[in-house]
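Here's the structure we're looking at; comments come further down.
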Amino acid sequence: MNSHSGTHSGTIGRWQGAGLMATTLLGTGVFILPQMTIDKAQAGALIAWSLLTLAIIPVALIFGRLASVFPHAAGPAYFVEKAFGRTAGRTIGLIFLLVVPMGAPAAILMTFQFVNALIPLDGWPKVGAEVLVIFGLFLLNLRGIQVSAKLQFGLTLCIVAIVVLLFGASSVQPGHLTSLASYGTPEIPTIMIAAGIAFWSFLGIEAMTHLADDFRRPQQDMIPAMMMGTVLVGIIYVACTLILLLVPTDKSVAMIGVFDALLGGYGAQVIGVLGIASGLATVNVYAASAARLIWSFSNEGILPRCFAVKNRHGVPIRALAALLSVMASVIVLTHTTGQELEHLIAWSNGVFVVIYLMAMLAAAKLLPRSNLPLVVLGCGFCLALGIALGASMAYVLVLILFVAPFLWWQKTHISRKQSLAVNKVS
């Protein structure tokens with residue numbers, strides 16, 4: 001892979017980058033994930049979120065440093081290739097591509113929990129609406145990511161304002177604090193399960209590294225944007241979890257019930273619209289970054305050449321169309337096979353644990369030795385999460401067993417063809 005992924009000059013600044021990072025991470029999960037973790041661990045969810053926020057900081061720093069030193073559309077796949085060779089790097093790239101069709105539909109299914117709160121949809125009409133949303137994302141991406149970055153910065157500010165408002169309203173009522181004591185003592189196994197689910201909220205740190213070329217000044221702006229985004233998101237998730245523990249509700253989307261209880265109604269409208277918008281923003285960033293990765297792999301000859309086409313806005317148009325088509329197919333399959341949202345989340349998280357771990361190990365080789373303490377913390381975090389996910393790690397192991405031998409065969413096949421051509425010439 002060439003050290004730079006294109007001549008296309010960047011358009012994203014530091015604050016837009018922080019907004020893009022924060023919305024990617026807040027995305028679908030901000031009004032749903034705290035509720036899912038409380039279902040698993042009760043008050044232990046608060047501990048899970050706090051520990052996860054602290055543990056993700058070294059990982060975000062390492063990704064920021066790698067992306068600012070080696071900006072490339074292939075992101076973690078490029079770092080791993082530089083450190084451990086072609087087959088390892090391309091394996092990471094392809095398993096990332098193979099998780100996006102699993103993770104993005106999970107994000108869309110979450111988003112439609114908010115749609116349901118506004119317009120009850122079920123069965124095939126709901127599937128039709130989800131597929132229509134994917135087509136809308138295709139149209140939104142035709143002009144490039146900078147349009148999305150501006151929209152998402154405003155969206156992040158709205159979400160932060162709502163959470164601050166709810167937090168303020170919940171803390172002024174002293175009766176709420178006594179409800180925390182009623183949850184009992186948190187247990188380590190349930191905290192680990194909650195952390196395994198909560199990790200979904202921080203998927204997107206690596207997606208930013210694919211967009212390093214879209215920053216005006218990646219060296220100066222990449223790390224501050226990633227750190228601001230990550231810390232802000234951690235604080236918001238902890239606050240949302242605390243609010244849900246303080247104000248119990250029986251609504252299917254708990255944040256809507258909390259909004260109604262604290263602010264006297266319109267929860268379905270406000271939380272619903274924000275949840276839909278941020279969910280779509282997340283899927284949008286994933287679609288954009290994965291399409292760039294397909295484009296990069298197409299240029300390298302790993303994937304068919306037909307994906308190496310960009311439109312005048314620098315968008316890899318065919319790669320984007322192919323990716324969104326696969327997402328739509330997975331949504332239809334999920335409906336027909338009756339898969340649970342939680343399974344899609346856990347399988348996706350397992351793939352990202354491996355991608356993050358390999359990126360940390362690559363950083364140990366590529367970055368100065370002063371980064372070693374951060375690398376060790378990052379590796380420890382990935383291993384602990386792998387243990388927490390347990391059997392859900394099987395999906396990523398199957399992907400690696402399928403992808404790595406294929407890439408190794410492709411490499412030896414190409415080099416054999418090249419040596420035969422050389423022999424013929426000589």
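Only this structure's heavy atoms are used, side chains among them; waters, hydrogens and symmetry mates stay out. Only a predicted model underlies this, so the values are computations on that prediction, with no experimental measurement involved.
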- Item | Intermediate values then yes/no, side-chain contact (heavy atoms from CB on, under 4.5 Å), Leu303 and Trp295 | CA-CA 8 Å; Leu303 291 175; Trp295 171 82; over 6 Å; no
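- Between Met36 and Ile345 there is a side-chain heavy-atom pair separated by less than 4.5 Å.
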Quiz: residues 350-365 side-chain donor-acceptor pairs under 3.5 angstrom, not counting sequence neighbours:
{"unit_1": "Tyr356", "atom_1": "OH", "unit_2": "Phe202", "atom_2": "O", "d": "3.3"}
{"unit_1": "Tyr356", "atom_1": "OH", "unit_2": "Glu206", "atom_2": "OE1", "d": "2.4"}
{"unit_1": "Lys365", "atom_1": "NZ", "unit_2": "Ala83", "atom_2": "O", "d": "3.0"}

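- Under the 3.5 Å distance criterion, with hydrogens and angles disregarded, a donor-acceptor pair is assigned to the side chains of Trp49 and Thr241.
- For the pair Val131/Met327, no side-chain contact is recorded, criterion being any heavy-atom separation below 4.5 Å from C-beta on.
- Taking CZ of Phe297 as the start and CG of Asn299 as the end, the distance is 11.5 Å to the nearest 0.5 Å.
- You'll find the side chain of Tyr237 stays beyond 4.5 Å of the side chain of Thr53, heavy atoms only.
- Looking at heavy atoms from C-beta onward, Asn284 lies out of side-chain contact with Leu280 at the 4.5 angstrom threshold.
- Atom CD1 of Ile236 sits about 12.0 Å away from atom CZ of Phe167, to the nearest 0.5 Å.
- Under the 3.5 Å distance criterion, with hydrogens and angles disregarded, no donor-acceptor pair is assigned to the side chains of Ser348 and Trp200.
- In this structure, Leu46 and Val238 approach most closely via the heavy-atom pair CD1-O, 3.7 Å.
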**Evaluation steps, side-chain contact (heavy atoms from CB on, under 4.5 Å), between Met21 and Leu232** = CA-CA 10 Å; Met21 179 80 178; Leu232 175 67; over 6 Å; no
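- Between Cys240 and Val163 the shortest side-chain heavy-atom distance falls below 4.5 Å.
- Ile119 CD1: 12 or fewer foreign heavy atoms inside a 6.0 Å radius.
- Between Phe114 and Ile32, the closest side-chain pair of non-hydrogen atoms falls below 4.5 Å.
- Listed here is the closest heavy atom pair of Ala106 and Leu344: CB-CB, 3.8 Å.
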List the steps and the verdict of side-chain contact (heavy atoms from CB on, under 4.5 Å) for Ile12 and Arg216.
CA-CA 6 Å; Ile12 301 174; Arg216 271 196 295 274; over 6 Å; no
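- A distance of 12.0 Å separates CE in Met228 from CD1 in Ile223, rounded to the nearest 0.5 Å.
- Salt bridge annotation for Lys126-Asp122: absent, with no cationic side-chain nitrogen under 4.0 angstrom from a carboxylate oxygen.
- Among all heavy-atom pairs drawn from Ile191 and Ala48, the shortest one is O-CB, 3.7 Å.
- Side-chain atoms of Gln113 do not come within 3.5 Å of backbone N or O of Ser252 as any donor-acceptor pair.
- A heavy-atom distance below 4.5 Å is not found between the side chains of Val80 and Arg90.
- Arg14 CZ: more than 12 foreign heavy atoms inside a 6.0 Å radius.
- A donor-acceptor pair is defined here as one N or O able to donate and one able to accept, closer than 3.5 Å; no such pair exists between the side chain of Thr87 and the backbone of Leu407.
- Between Leu399 and Leu94, every side-chain heavy-atom pair lies at or beyond the 4.5 Å cut-off.
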Thr209 vs Leu66, side-chain contact (heavy atoms from CB on, under 4.5 Å): CA-CA, chis, key distance, verdict: CA-CA 8 Å; Thr209 65; Leu66 283 168; over 6 Å; no
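- Smallest separation of non-hydrogen atoms from Pro76 and Phe63: CG-CE2, 3.9 Å.
- Here Glu130 contributes atom CD and Trp124 contributes atom CH2; the two are 10.5 Å apart, rounded to the nearest 0.5 Å.
- Atom-to-atom distance recorded for Asn349:CG and Leu389:CG is 5.5 Å, nearest 0.5 angstrom.
- Within the model, atoms CZ of Phe70 and OH of Tyr78 stand 7.0 Å from one another, a figure rounded to the nearest 0.5 Å.
- Of all non-hydrogen atoms in Ala268 and Leu118, the two that sit nearest each other are O-CD2, 3.2 Å.
- A pairwise comparison of heavy atoms in Leu367 and Asn371 identifies CB-ND2, 3.5 Å as the closest pair.
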